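This report refers to the structure that appears directly beneath it.
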Number of protein chains: 2
Amino acid sequence: MQEFVRRSRAEGLRVTPQRLAVVRVLAESHDHPDPDTLHRRLLPQLPSISLATVYKTLDALAAMGLVRQVPVAGAAKRYDANLDRHHHVICERCRSVADVHDARLDRVAVPEGLLGFTVRSVTVQMLGTCARCARKARKRSRAVVRNGNGR
Amino acid sequence: MQEFVRRSRAEGLRVTPQRLAVVRVLAESHDHPDPDTLHRRLLPQLPSISLATVYKTLDALAAMGLVRQVPVAGAAKRYDANLDRHHHVICERCRSVADVHDARLDRVAVPEGLLGFTVRSVTVQMLGTCARCARKARKRSRAVVRNGNGR
DNA sequence: GTAACTGCAAAAACTTTGCTGAGTT
DNA sequence: AACTCAGCAAAGTTTTTGCAGTTAC
């Protein structure tokens, strides 16, 4: 946050109410939102902010390294303001993403022989099913037992 | 490949020349192409195949679990036909993705306490700069020394 | 023969761009 | 005062959908 102001000044970028709001709301969001989701969250407090501004701001923040794109299969633009080293669990059903902090995962060793590739960061990604989707799936299969597979 | 035919039969899906070609070309591609790239590679051998068919086929293959979406930040749809357990190095500059096979990475342990999340697979993702982009960057910085930062 | 599939074109979704007036520095 | 930025609308991309004819089963 102060970091954001500092870096902006350093790079000749301006600190506007819109950018401050994007930074704040993204920092408070722990679900790695996409630009549209973030925009919806911003509207209540800044009803005139446009989606284009959200896109541009996220680009600027990413260029400054204050925000990171999260690699989620099938979703191009999801952002994370948490720059601590961390890992992700991703639900394959609902595409939700949660952070995992784990010292053992942080110690994963980079293999040898990557043919000139320079590794800057290592993250572990766990794919599976979140509790909520598992619950839904169970409910559905019970329904099938009771009523027959209803298609 | 035979696997594809078997699974298709099992699920009542049809084996068409288009699908066979998609499966074959994707299996031969080691760069995790997006649908459009794949489509361009298919055209020489199947000039009438449409991009929509490529999209639909990739969906079907992913649903059967014969193909996987690769999580690359900033790129929504990239596919991998390699189902062996493996990991990825991703160049942040050119977005190229290469597979890494490494037994030590395969043994990464899933942490405790994921609150009901069921992990199905674990992959390690290394971000950095590939050899080619590093070479380009070096050349550019030499040029800057000689000519001044040319903007 | 029947149902699923292809290709096409149109629609929807997502992202970027150009411009003008406004606001930060 | 200078120059960047916000908002808007338009353009560009990417992905999905509906449909008529075709083809695998």
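Values below: all heavy atoms of this structure, side chains included; hydrogens, waters and symmetry mates excluded. Letters go in sequence order (proteins before strands), and every chain restarts at 1. Predicted model only: the values in this text are computed from it and were never measured.
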Could you go through nucleotides 23-25 of chain C and list every protein N or O atom that sits under 3.5 Å from one of its N or O atoms, giving the distance for each pair?
residue : atom : partner : partner atom : Å
C/dG23  : N2   : A/Arg14 : NH1          : 2.3
C/dT24  : O2   : A/Arg14 : NE           : 3.4
C/dT24  : O2   : A/Arg14 : NH1          : 3.1
C/dT24  : O2   : A/Arg14 : NH2          : 3.3
C/dT25  : OP1  : A/Arg9  : NH2          : 3.1
C/dT25  : OP1  : A/Val15 : N            : 3.2

Inset, instruction - Measure the spacing between CG of A/Asp31 and OH of A/Tyr79 and express it to the nearest 0.5 Å. - result: 15.0 Å
Inset, instruction - Please assess B/Asp99 against B/His88 for the test side-chain hydrogen bond (donor to acceptor under 3.5 Å, both in side chains), listing each intermediate value before the final yes or no. - result: CA-CA 5 Å; B/Asp99 289 350; B/His88 293 124; 3.3 Å; yes
Inset, instruction - Could you state the atom-to-atom distance from CG of B/Leu43 to P of C/dT6 in whole Å? - result: 15 Å
Inset, instruction - Can you label the angle between the B/His86 ring and the B/His32 ring as parallel, tilted or perpendicular, going by 30° and 60°? - result: tilted
Inset, instruction - Could you tell me which non-hydrogen atom of B/Ser8 sits nearest to which non-hydrogen atom of B/Met64, and how far apart they are? - result: OG-CE, 4.0 Å
Inset, instruction - For A/Asp59 and D/dA6, give me the distance from atom CG to atom P, rounded to whole Å. - result: 12 Å
Inset, instruction - State whether B/Tyr55 places a side-chain N or O below 4.0 Å from either non-bridging phosphate oxygen (OP1 or OP2) of D/dT16. - result: no
Legend entry - From B/Arg132 atom CZ to B/Ser96 atom OG, the distance as rounded to the nearest 0.5 Å: 7.5 Å
Legend entry - Whole-Å gap separating C1' (D/dA6) and CD (A/Gln18): 6 Å
Inset, instruction - Give me the residues of residues 66-79 of chain A where at least one heavy atom lies under 4.0 Å from an atom of DNA chain C, by number, or none. - result: A/Ala76, A/Lys77
Inset, instruction - Could you grab the distance from atom CD of B/Gln18 to atom OG of B/Ser50, nearest 0.5 Å is fine? - result: 8.0 Å
Inset, instruction - Return the value, rounded to whole Å, for the distance between atom CD1 of A/Ile49 and atom P of D/dC5. - result: 14 Å
Legend entry - Rounded distance in Å - CG (B/Leu58) to C1' (C/dT6): 15 Å
Legend entry - Between C/dA13 (C1') and A/His39 (NE2): distance, integer Å: 16 Å
Inset, instruction - Evaluate whether atom CZ of A/Arg85 has more than 12 neighbouring non-hydrogen atoms of other residues, nucleotides or ligands under 6.0 angstrom away. - result: yes
Inset, instruction - Could you say whether B/Leu46 or B/Gly12 is positioned toward the 5' end of DNA chain C, judged by the nucleotide with the nearest heavy atom to each? - result: B/Gly12
Legend entry - Distance-minimising heavy-atom pair for B/Phe117 and A/Ile90: CZ-O, 3.2 Å
Legend entry - Euclidean distance, atom CG of residue A/Asp36 to atom C1' of D/dT14 [Å, nearest integer]: 16 Å
Legend entry - Separation of B/Ser29 OG from B/Asn82 CG (nearest 0.5 Å): 12.0 Å
Legend entry - Considering all heavy atoms, the nearest B/Arg93-B/Cys133 contact: CD-CB, 3.5 Å
Inset, instruction - Kindly point out which of D/dG7, D/dT16, D/dC5 is positioned nearest to the side chain of A/Arg19? - result: D/dC5
Legend entry - Interatomic distance where CG belongs to A/Asp34 and C1' belongs to D/dT14 [whole Å]: 15 Å
Inset, instruction - Hey, could you give me the CG/CD distance between A/Leu127 and A/Glu92, rounded to the nearest 0.5 Å? - result: 4.5 Å
Inset, instruction - Applying side chain to side chain contact (heavy atoms under 4.5 Å, CB included) between B/Pro33 and each of B/Leu26, B/Val97, B/Val25, report the one that passes. - result: B/Leu26
Just the atom pairs and distances: protein N or O near nucleotides 17-19 of chain D's N or O, under 3.5 Å.
residue : atom : partner : partner atom : Å
D/dG18  : O6   : B/Lys56 : NZ           : 3.2

Inset, instruction - Specify the residue among A/Ser48 and B/Leu51 whose closest nucleotide of DNA chain D lies further upstream toward the 5′ end. - result: A/Ser48
